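Computed from a prediction, not measured in an experiment: that's the story for all the values here.
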Amino acid sequence: MAIPLLHEMQPLKWQKEAAKAILKPGNWKEGDDPSKSIRLFAWAGGKGSGKSLTLCWIACLLAMTRPGAVILLAMDVYPSLKDIHMPILGRMATALGAVKTDNDVRFPNGSMIKMRYLEMAGSPLDNKSPIEGHEYHAILVDECQKVDSDYWLIFQTRARLTCKDISGRECMPVIITSGVPQNTWWCAATLEQDGRVWRPKTGDNSYLPPGTEARLRAQMTDAMARAMLDGEELIQEGAIYSQYKESLYPEGSLVVAKPEWQSSRTMLAADLGVRWPHALLMVEDVTLGAWVVTHEWAPDDVSIGELCRMILKDTCLRKDWKGKGDKRIPIDRVIVDPAGLQRSDHDGRDGLDIWALPPPEGIGMMPYVERDAARKNVEEGIRRLQLALERKKILFDRDLIMNGHAKKKDHRTIGRCLRGYRWNPKNPAKPYLDGFHEHGCDALRYGFREVMWNVNPVPNLYTGTSKMAMTTISNALAQAKNER
């Protein structure tokens with residue numbers, strides 16, 4: 001959808017209501033403390049509902065109608081700011097005669113919009129945040145589901161400037177927060193202080209191309225679609241992969257795996273975890289149209305070379321496999337996480353080189369490491385893997401899971417990792433890294449990413465192609481193939 005200029009903007013009903021409410025000056029009285037007279041507004045809506053466009057539109061309206069106003073437009077990380085808001089704001093503002101630099105937009109009437117990203121290590125209350133030391137008339141923040149809730153106090157201490165609008169009325173400071181309906185702390189905080197909140201839906205945006213909502217919905221779990229499209233609250237609590245069910249297929253995620261190694265494609269996926277690696281063997285089941293995890297290796301405190309030797313006790317490369325009489329499992333492809341590019345902490349060699357060494361020192365194959373930034377995104381990978389688990393495209397051998405239950409409680413298994421992998425209570429949009437559960441889940445995500453990044457391909461929706469495309473054949477042919 002083309003970015004409209006200010007005079008071309010045809011606001012939706014909720015956008016018109018929001019702009020009308022925000023542009024009111026407020027009940028300012030001479031002698032009032034500006035920091036205690038802040039006007040608060042927020043929205044949490046579905047993807048494509050117009051949240052970011054509205055934020056940029058209102059930022060320009062405030063700048064044009066309140067000469068000399070200093071406005072902050074912030075997001076969680078710089079790439080989001082660069083890819084989402086800068087293009088929108090740049091087109092709207094430059095058409096009004098404003099001058100845009102890398103981080104600021106300056107208007108002819110003296111108003112200024114400063115663009116900042118808020119990601120930082122630790123709490124912003126403990127460390128100097130990127131907006132400390134500055135004062136603003138309006139603070140507008142997007143993607144708040146990824147922003148530390150401690151920023152709320154900082155927003156209120158930084159929004160302290162009043163200014164006159166073009167009618168000469170003194171206007172109170174404004175804080176506007178936006179995001180998707182995922183642990184909406186900013187909406188709760190706004191309502192607690194008598195602010196106003198909107199909940200736009202994707203379907204309410206009549207300017208979206210036909211079929212957009214249906215295509216987006218096809219790429220999401222039911223719970224995620226209710227939040228990201230319908231505007232319902234999604235509180236990320238409990239296990240991240242709640243779609244994983246320890247019951248037999250088709251109700252659950254477990255199958256009695258009997259792969260035909262001679263004709264089935266296999267893949268070894270590993271998260272190196274510094275010295276606490278986790279490796280999974282996945283095999284394609286063309287009858288079910290799924291990939292099944294059949295074996296795992298999760299030793300503690302070992303080097304890459306030691307891990308390779310453990311794996312080689314049960315496996316070999318496809319080219320070294322002797323056929324049906326060979327009890328080893330043939331491996332067609334090896335996938336490792338980006339840590340594979342790092343140097344070994346034992347001998348200083350490149351981690352990938354160790355994997356590529358001939359047995360018994362290595363696997364004998366150079367692993368593939370994903371370099372596509374979009375496919376490496378952790379949150380997007382989690383979302384797609386959730387969808388694959390819900391639609392039974394990733395399954396697990398029952399014996400593998402049951403044998404894992406019998407192991408000591410401090411031993412990592414893929415079943416325990418999936419059940420214990422949780423969202424970070426401090427930042428509910430990101431997983432909590434405890435050093436135990438993430439390694440197995442990351443290994444599964446790397447393998448899934450390689451074989452079925454597009455869990456449910458939808459026409460006219462490009463999301464990138466998988467390196468090992470899924471094989472699909474008829475059930476009858478699949479059964480005949482397995483019998484052979």
Side-chain angles (χ1 to χ4, degrees), residues 259 261 264-284 291-321 328-378 380-382 384-385 388 394 400 412 414 417 438-453 464-471:
W261 298 116
S264 300
R265 292 190 299 170
T266 61
M267 179 182 58
L268 180 70
D271 178 80
L272 302 185
V274 188
R275 288 182 60 87
W276 281 262
H278 205 130
L280 302 172
L281 183 81
M282 303 174 68
V283 58
E284 183 184 21
W291 282 76
V292 183
V293 179
T294 60
H295 295 74
E296 69 177 332
W297 299 264
D300 291 336
D301 196 20
V302 300
S303 66
I304 296 174
E306 290 169 326
L307 174 65
C308 290
R309 286 188 285 276
M310 292 179 63
I311 294 172
L312 285 172
K313 290 179 181 179
D314 305 305
T315 68
C316 66
L317 297 185
R318 175 73 68 175
K319 66 182 181 64
D320 299 324
W321 194 58
R328 298 175 298 174
I329 301 168
I331 297 175
D332 293 312
R333 193 165 173 82
V334 179
I335 313 293
V336 301
D337 69 324
L341 298 171
Q342 299 174 1
R343 298 284 173 179
S344 168
D345 57 356
H346 289 274
D347 54 18
R349 288 181 297 182
D350 189 296
L352 296 185
D353 289 342
I354 298 175
W355 282 91
L357 288 173
E361 293 162 340
I363 292 291
M365 177 184 288
M366 180 64 76
Y368 175 75
V369 176
E370 183 63 66
R371 289 174 171 81
D372 187 315
R375 291 164 66 99
K376 286 167 61 177
N377 182 274
V378 176
E380 180 64 11
I382 288 174
R384 289 175 183 254
L385 181 51
I394 296 291
L400 173 71
R412 283 176 291 117
I414 185 60
C417 289
E438 67 265 23
H439 300 310
C441 293
D442 285 348
L444 182 64
R445 180 165 53 85
Y446 303 145
F448 153 79
R449 179 176 66 195
E450 183 68 8
V451 295
M452 53 172 66
W453 181 249
T465 56
S466 295
K467 305 294 189 303
M468 293 178 69
M470 192 68 201
T471 301

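- For the atom pair OG of S303 and CZ of R309, the computed distance is 6.0 Å after rounding to the nearest 0.5 Å.
- Within the 4.5 Å cutoff, no side-chain heavy atoms of T315 are placed close to those of L268.
- Closest approach of R371 to Y368, counting heavy atoms only: N-OH, 4.3 Å.
- Residue C441 comes nearest to C417 through the heavy atom pair SG-O, 3.3 Å, listed as atom of the first residue, atom of the second, then distance.
- The distance from the CD1 atom of I331 to the CH2 atom of W321 is 12.5 Å, given to the nearest 0.5 Å.
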How far apart are the C-alpha atoms of F448 and M267, what are their side-chain angles, what is the distance that settles it, and do they pass the side-chain contact (heavy atoms from CB on, under 4.5 Å) test? CA-CA 10 Å; F448 153 79; M267 179 182 58; over 6 Å; no
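- Under the salt bridge (Lys or Arg N to Asp or Glu O under 4.0 Å) criterion, D300 pairs with R412, not counting sequence neighbours.
- In this structure, the side chains of L272 and H439 stay at 4.5 Å or more apart for every pair of heavy atoms.
- For the atom pair SG of C316 and CE of M365, the computed distance is 10.5 Å after rounding to the nearest 0.5 Å.
- Distance alone, capped at 3.5 Å, places no donor-acceptor pair between the R318 side chain and the P330 backbone.
- L400 and V293 make their closest contact through CD2-O, 3.6 Å (heavy atoms, listed as atom of the first residue, atom of the second, distance).
- Considering every non-hydrogen atom in both G362 and L312, the closest pair reads O-CD1, 3.0 Å.
- Taking the side chain to side chain donor-acceptor pair (under 3.5 Å) definition, one finds that W297 meets it with D314, sequence neighbours left out.
- Between the CZ atom in R384 and the CZ atom in R449 there is a gap of 11.5 Å [rounded to 0.5 Å].
- Listed by chain and residue number, D326 satisfy the salt bridge (Lys or Arg N to Asp or Glu O under 4.0 Å) test with R328 (two or more places apart in sequence, or in another chain).
- Residues satisfying the salt bridge (Lys or Arg N to Asp or Glu O under 4.0 Å) test with D442, not counting sequence neighbours, are R445.
- Using a 3.5 Å distance cut-off with no hydrogens or angles, the side chains of D271 and H278 do not pair a donor with an acceptor.
- With hydrogens and angles disregarded, a donor-acceptor distance shorter than 3.5 Å links the side chain of T266 to the backbone of D332.
- Applying the side-chain contact (heavy atoms from CB on, under 4.5 Å) rule to P367 yields the partners V334, V336, L352, W355; only residues at least two apart in sequence or on another chain are considered.
- When all heavy atoms of L307 and P277 are compared, the closest pair comes out as CD2-CB, 3.7 Å.
- Residue I363 comes nearest to P359 through the heavy atom pair O-CG, 3.8 Å, listed as atom of the first residue, atom of the second, then distance.
- Rounding to the nearest 0.5 Å places OH of Y446 at 4.0 Å from CG of D337.
- Judged as a side chain to side chain donor-acceptor pair (under 3.5 Å), and not counting sequence neighbours, E438 has no contacts.
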Apply side-chain contact (heavy atoms from CB on, under 4.5 Å) to the pair V451 and E284, showing each step before the final yes or no. CA-CA 9 Å; V451 295; E284 183 184 21; over 6 Å; no
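- At distances below 3.5 Å, not a single donor-acceptor pair connects side-chain atoms of E370 with backbone N or O atoms of R375.
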